[in-house]
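What follows is a set of notes on a single structure, which appears directly below.
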Amino acid sequence: NGESMKNYSQFLDACSQLISFNTENAPAVSGAPFGLENKKALDFFLTLAKSFGFETINYDNYAGEIIFGKGKTEADQVGIIGHLDIIPVGTDWNTPPLTLTEKDGKFYGRGVSDDKLPCLLILFAMKELKDAGIVPERTLRFFVGCNEESGWQDVEYLKTKTTLPEYGFSPDGIFPLSYAEKGMYEIAFLLPPLKNFSNLTGGTAINAVCANASCTAKESAIISSLLEKHNLKVNGNIITATGVSAHGSAPHLGVNAFKALFSYMADAGENLKDAVKYLFNDKAGIFNLKNEQGIVTFSPNIVKTVGEKTYLLADMRIPAPFDQNTVIPLLNQFGLEYTITEKQPPVVVEKDGWMISKLLSAYKENTDEQTAEPVSMGGSTFARAFKKGCSFGPEFKGVSYHIHDANEQVGVAEVEKLAGGDGSGRVQR
């Protein structure tokens, strides 16, 4: 409690190096299933762990494992899992996104919250235990993956090579901790053929609110009054809309650029008026569905063109005990052909289990929040890799980290607090 991190300067150096790897998902090359930068990042992380004296395993550059503890049986194991890959960097950064930058009391860079810096905090916490001569009675098996943001192929591969612990947590969520995560679904809506517009593009990832969208318009469909009405820009015959990105699980925190663009096309005579009402104005009442674990969310985030057909892909999050059958009657009202794919089912872990009790106690011991309770979340975390998994930090309640957005950030005082200090700035640099 309140003690300074003993290796803070080394931690910052490691974080700076790890942030510099552009670990966006990339085409596979020999020995690097998610691209060379992901391989380099994993090599760096495991080499660092090995230099600390830990046993490490590299699972063919899909994922790595760091092992620490006395436990001999599966029942004596606790899993930890994080990821080194990132979503596309995107635009509109105020600092270089692949450079760890300290500015105005905050660290900036893609991965400082999701999930490079938190992974390093776990590794350095393990180092401090080891350096102090403390060896856990249960074996900690710390996995780092390279494909969390775009497919979870790393976890699928892990499960063909080893048996994951039953219990575990991920430093890729919120405090105090989450006991439930919504199911994740992808819905592909077939858009009607457009008469006066083409080359519809927009979005960077299915799980990020679309911040930029554009289309090519026939000259007759470029209407100044409508451009002004929907706050759009035109360059030649290309019309662009600008919104504000946010995580797909919380679309209300962003502004979807598709809404203005689709509204413009509808006003210009395309057969999209009903689509706008249902896709962007929730005419079917999807957001009215809620239970103890939260609300159902829906966010059309990216366009995909296949041959002559154009699809708008939406991210939907559904808390248990709801499932896709709950929302199908509402989706049927949209008047658009669609397919729905379950990416990950909802998860609920018993609140009175030992894992939640231990993590909650640790949180209370290190904060002033003695009445903290487990929560449910809309985002999906690597905690799902474990049969009974929780997400535990790094986000503190009420703080904006700009995860999946430009200017991803974390407060310097928060990092010190996460590292076991009290956030007073006493950490030696």
Side-chain angles (χ1 to χ4, degrees), residues 17-46 58-65 81-93 96-99 109-120 143-161 170-173 184-186 188 201-212 245-249 299 301-306 311 313-315 341-344 379-385 401-406 408:
Q17 291 184 67
L18 195 58
I19 295 291
S20 72
F21 297 111
N22 185 356
T23 53
E24 298 176 16
N25 190 45
V29 295
S30 179
F34 309 115
L36 282 175
E37 290 288 289
N38 271 291
K39 179 182 184 296
K40 289 177 184 177
L42 184 60
D43 284 343
F44 170 80
F45 199 91
L46 294 179
N58 185 333
Y59 293 97
D60 301 320
N61 293 311
Y62 281 79
E65 180 180 357
I81 190 166
H83 65 91
L84 304 180
D85 62 310
I86 57 175
I87 70 160
V89 167
T91 58
D92 302 323
W93 283 75
L98 297 177
T99 300
R110 179 63 86 218
V112 294
S113 296
D114 183 21
D115 191 29
K116 291 180 178 180
L117 186 150
C119 284
L120 279 172
F143 301 94
V144 281
C146 299
N147 190 232
E148 191 268 354
E149 298 288 7
S150 51
W152 287 44
Q153 294 175 48
D154 45 4
V155 169
E156 291 177 18
Y157 190 80
L158 262 179
K159 289 180 176 180
T160 69
K161 297 295 183 180
S170 176
D172 191 21
M184 294 180 60
Y185 300 82
E186 182 179 299
T201 60
T204 58
I206 184 67
N207 57 356
V209 173
C210 175
N212 295 283
S245 188
H247 197 282
S249 65
S299 186
N301 292 333
I302 198 165
V303 157
K304 180 180 180 181
T305 300
V306 181
Y311 297 88
L313 307 185
D315 176 299
T341 305
E342 181 179 81
K343 310 300 279 186
Q344 294 169 346
S380 171
T381 75
F382 252 4
R384 294 173 187 259
Y401 296 84
H402 293 255
I403 288 176
H404 288 213
D405 196 1
E408 184 178 336

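In this text, all values refer to a predicted model and were calculated from it rather than measured experimentally.
- Between K304 and I302, the closest side-chain pair of non-hydrogen atoms is not below 4.5 Å.
- In this structure a side-chain-to-backbone donor-acceptor pair under 3.5 Å is present from N147 to W152.
- Not one N or O on the side chain of K343 forms a donor-acceptor pair closer than 3.5 Å with the backbone of Y185.
- By the ring-ring contact (aromatic ring centres under 6.0 Å, His included) test, Y62 pairs with F34, Y157, sequence neighbours left out.
- Side chains of R110 and W93 form a contact here, defined as non-hydrogen atoms less than 4.5 Å apart.
- For the atom pair CG of L36 and NZ of K39, the computed distance is 7.5 Å after rounding to the nearest 0.5 Å.
- The aromatic rings of F143 and Y59 are tilted relative to each other, their planes meeting at an angle between 30° and 60°.
- With contacts defined as side-chain heavy-atom distances shorter than 4.5 Å, the pair V112/K116 does not qualify.
- Considering every non-hydrogen atom in both S113 and P118, the closest pair reads O-CG, 3.4 Å.
- Of all the heavy atoms in G145 and A63, the pair that sits closest is CA-CB, 4.0 Å.
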Check against side chain to side chain contact (heavy atoms under 4.5 Å, CB included), V303 and T201: CA-CA 6 Å; V303 157; T201 60; 5.7 Å; no

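- Residues satisfying the side-chain hydrogen bond (donor to acceptor under 3.5 Å, both in side chains) criterion with S245, sequence neighbours excluded, are absent altogether.
- Proximity of L98 to S20: side-chain heavy atoms (C-beta onward) are nowhere separated by under 4.5 Å.
- Checking side-chain atoms of D85 against main-chain N and O of T23 turns up no donor-acceptor pair under 3.5 Å.
- Residues F45 and L18 meet the side-chain proximity criterion, which asks for heavy atoms closer than 4.5 Å.
- In this structure, D172 CG and I81 CD1 are separated by 10.0 Å, a value rounded to the nearest 0.5 Å.
- Here the straight-line distance linking atom CG of D315 with atom OG of S249 works out to 7.5 Å at 0.5 Å rounding.
- A donor-acceptor contact shorter than 3.5 Å links the side chain of E408 to the backbone of G111.
- To the nearest 0.5 Å, atom CG of residue D60 and atom CG of residue L158 are 10.0 Å apart.
- No donor-acceptor distance shorter than 3.5 angstrom exists from the side chain of N301 to the backbone of G203, with no hydrogens or angles considered.
- In this structure, C146 SG and N25 CG are separated by 10.0 Å, a value rounded to the nearest 0.5 Å.
- The closest side-chain heavy-atom distance from I19 to T99 is not below 4.5 Å.
- A donor-acceptor contact shorter than 3.5 Å links the side chain of N61 to the backbone of G31.
- To the nearest 0.5 Å, atoms CD (E149) and NE2 (H404) are separated by 3.5 Å.
- Contact of the L84 side chain with the D115 side chain is not registered, since no non-hydrogen atoms from C-beta on lie closer than 4.5 Å.
- Among residue pairs with one or both ends in residues 20-38, those qualifying as salt bridge (charged side-chain N to carboxylate O under 4.0 Å, His left out) are E37-K40; sequence neighbours excluded.
- Residues H83 and F382 are in side-chain contact: their nearest non-hydrogen atoms beyond the backbone lie under 4.5 Å apart.
- The two residues G202 and C210 come nearest to each other via the heavy atoms C-SG, 4.0 Å.
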